[in-house]
Trainee: 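Quick one: this structure, given as structure tokens, is what I'll be asking you about.
For the numbers below, each heavy atom of this structure counts, side chains included, while hydrogens, waters and symmetry mates do not. The sequence lines fix the lettering, A, B, ..., with proteins before strands; numbering per chain opens at 1.
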2 protein chains.
Amino acid sequence: MPGRADPAAPAAPRARLNRGRVLVAAVALADETGLAGLSMRRLAQELGVVPMALYKHVADKEALLDGMVDLVIEGFDPPEEALPGIDAVRHRVLAARRAVRRHPWARQAIESRTRRTPTVLGHMDAVAGTLRAAGFSVDLTHHVMHALGNRIWGFSPELFDAPPEDGPAPTPQAQQAMAADFAERFPHVLEIALEATRGDLSGVGQGCDEDFEFAFALDLLLDGAQRLQRSGWTSPRR
Amino acid sequence: MPGRADPAAPAAPRARLNRGRVLVAAVALADETGLAGLSMRRLAQELGVVPMALYKHVADKEALLDGMVDLVIEGFDPPEEALPGIDAVRHRVLAARRAVRRHPWARQAIESRTRRTPTVLGHMDAVAGTLRAAGFSVDLTHHVMHALGNRIWGFSPELFDAPPEDGPAPTPQAQQAMAADFAERFPHVLEIALEATRGDLSGVGQGCDEDFEFAFALDLLLDGAQRLQRSGWTSPRR
DNA sequence: GCCACCAGGTGTACGTCGTACACCCACAGT
DNA sequence: ACTGTGGGTGTACGACGTACACCTGGTGGC
């Protein structure tokens, strides 16, 4: 083996790893092999690196998945055309769908996420904002967001599943600052949360009235379906 | 240790295992610990048995999950009252939802299933049959089933994801018999499949036009939402 | 020019998972 | 009495995620 050891390795000094490269490689690997085929070990191998090296760039596999989902969401086509009212919502949702469809694993991954990254909140805020711009009340916007469910993502996770529970308790002023930041970045999400909790955000963790939201969406669909049936609807044959 | 060995073990001769007991225990364990906490080893321990013993009753973990999901579906409240038209659909879907909510893991489990067991097909057939009884065309029934999505289950797996691909190729007459059996047990599912493939069931594996189904459901929801907005809808405050 | 630092990559090891495979035992049918 | 055979056992293997100790090459301070 000494006859082989070239001190200045020729072609591939192997670019340094960083979070971005890890995430991109993970997305590519998942595209190829599906979520089930994505393991830390396999991913490391793909990057020509030892498994533990990944942990310098992502906290653990959950964080890796979070990052991958963010990457997909960032790939949502921006709504360049300024469409009127509800059509803007439709446009945005269909754009999300296109991005999600590019990655067959994305639906499952998004559904499994329990943390809400800023990127995820950003998308929800954008959809809510589009509904508000179309003249919807905060109240109605809220329930329609639930009803859209899957469709917001090209398929709806709950906004708040579990309390954030970071490590050490944040100081009051840090909390204040975070709240202000949140209000600025996600104003529409905030107004919905305020409406739903009647201004008492402390109870935001326990979520919405799921039974109500379920029935709301069900009735929206069934009423619409019945209207189609009465009008003798048939699907367009291509 | 010989001083302890009692030849006729006193209280617990430990009832024999069978598929039913395994499934019930698995459901109970998942109820307690969530899907993530359900492992073959843990389940075996709960049953006072060695892990490999389970494999005499379920083929593998996938089959275990299939069985658990079937158990949940069998727990759907039967629609005793004969409601008129669309209300029967609503009633049935809400019944499914109640059953699914009893088991927090069920949604995730159902979504992850790729095989369609007879029990699953049975539920879909029942929902389709209820829509047909309400006067919906096969065509409209089909698309409404897609649109209901999650809601059919208390949250929509595709009917056909992958070809069945059992082990050895079934003989033609066995295939014939299976088809006849299917037609008898799931007539409404069959008529939808026939409609969607225009009578050529050989192509049933490649599924429906997902883009169309997605847009159909999206428009149903958005049209309904817009109607509510125009009528000045507000949610009922309790 | 030296050295101390440290971000980033390595190696080893642990506990858990699903499950293949060989076994063994108690009872049923002859 | 003999022989299957259905059901429970024991051992073992190859993944997996990741903790922990280590090393190493480049950078900033002096």
Trainee: Describe, in one word, how the ring planes of B:Phe76 and B:His123 are oriented to each other, choosing from parallel (under 30°), tilted (30 to 60°) and perpendicular (over 60°).
Mentor: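 Correct class here is perpendicular.
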Trainee: Provide, to the nearest angstrom, the distance between the OH atom belonging to A:Tyr55 and the C1' atom belonging to D:dC20.
Mentor: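 After rounding, the reported distance stands at 13 Å.
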Trainee: Rounded to whole angstroms, how far apart are CZ on B:Arg41 and P on D:dA15?
Mentor: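 Rounded to the whole Å, the gap is 16 Å.
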Trainee: Taking atom C1' of D:dT18 as reference, at what distance in whole Å does atom CD of A:Glu62 sit?
Mentor: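 From A:Glu62 CD to D:dT18 C1': 13 Å.
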Trainee: Once rounded to the nearest 0.5 Å, what's the spacing between atom CG of B:Leu54 and atom CG of B:Leu43?
Mentor: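 Those atoms lie 5.0 Å apart.
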Trainee: Of A:Ala59 and B:Ala53, whose nearest nucleotide on DNA chain D comes first from the 5' end?
Mentor: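 Upstream on the strand: B:Ala53.
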Trainee: Counting heavy atoms from C-beta on, name the nucleotide in C:dG8, D:dG17, C:dC17 closest to the side chain of A:Ser39.
Mentor: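 When the side chain of A:Ser39 is considered, D:dG17 is the closest of C:dG8, D:dG17, C:dC17.
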Trainee: Given D:dG7, D:dA12, D:dT18, which nucleotide is nearest the side-chain atoms of B:Lys56?
Mentor: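 Per side-chain heavy atoms of B:Lys56, the pick is D:dG7.
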Trainee: What is the distance from CE of A:Met40 to P of C:dG9, rounded to the nearest Å?
Mentor: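 Interatomic distance, CE of A:Met40 to P of C:dG9: 13 Å.
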Trainee: Looking only at side-chain atoms of A:Met52, point me to the closest of C:dT19, D:dT9, C:dT12.
Mentor: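 Of the options given, the side chain of A:Met52 lies nearest C:dT12.
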Trainee: Expressed in angstrom and rounded to an integer, what is the separation of A:Leu38 atom CG from D:dC16 atom P?
Mentor: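 From A:Leu38 CG to D:dC16 P: 10 Å.
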Trainee: Give a yes or no on whether the backbone of A:Arg16 and the side-chain of A:Arg21 come within a donor-acceptor separation of less than 3.5 Å.
Mentor: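 Side chain of A:Arg21 to backbone of A:Arg16: a pair is present.
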Trainee: I want to verify a distance call: between D:dG17, C:dT10, C:dG18, whose nearest atom is closest to the B:Lys61 side chain?
Mentor: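 From the listed options, C:dG18 comes nearest.
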Trainee: Round to a whole Å and report the spacing from CG of A:Leu43 to C1' of D:dG17.
Mentor: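 From A:Leu43 CG to D:dG17 C1': 13 Å.
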Trainee: In this structure, how many angstroms lie between the C1' atom of C:dC17 and the CZ atom of B:Arg42, rounded?
Mentor: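 The distance from CZ of B:Arg42 to C1' of C:dC17 comes to 14 Å, rounded to the nearest Å.
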Trainee: Would the B:Phe212 and B:His143 ring centres measure less than 6.0 Å apart?
Mentor: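 Close enough - the centres of the two rings lie under 6.0 Å apart.
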Trainee: Within the structure, does a side-chain N or O atom of B:His57 lie under 4.0 Å from either OP1 or OP2 of D:dG8?
Mentor: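 It does, given that an N or O in the side chain of B:His57 lies less than 4.0 Å from OP1 or OP2 of D:dG8.
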Trainee: Any ion pair linking B:Arg102 and B:Asp31 (charged N to carboxylate O, less than 4.0 Å)?
Mentor: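 Salt bridge between B:Asp31 and B:Arg102, a charged N being under 4.0 Å from a carboxylate O: no.
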Trainee: Let's see if you can work this out: which of D:dG8, C:dG9, C:dA20 has an atom nearest to the side-chain heavy atoms of B:Leu17?
Mentor: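 Side chain of B:Leu17 sits closest to D:dG8.
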Trainee: Once you round it to whole Å, what is the distance between C1' of C:dC6 and CZ of A:Arg16?
Mentor: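 Distance check: A:Arg16 CZ to C:dC6 C1' gives 11 Å.
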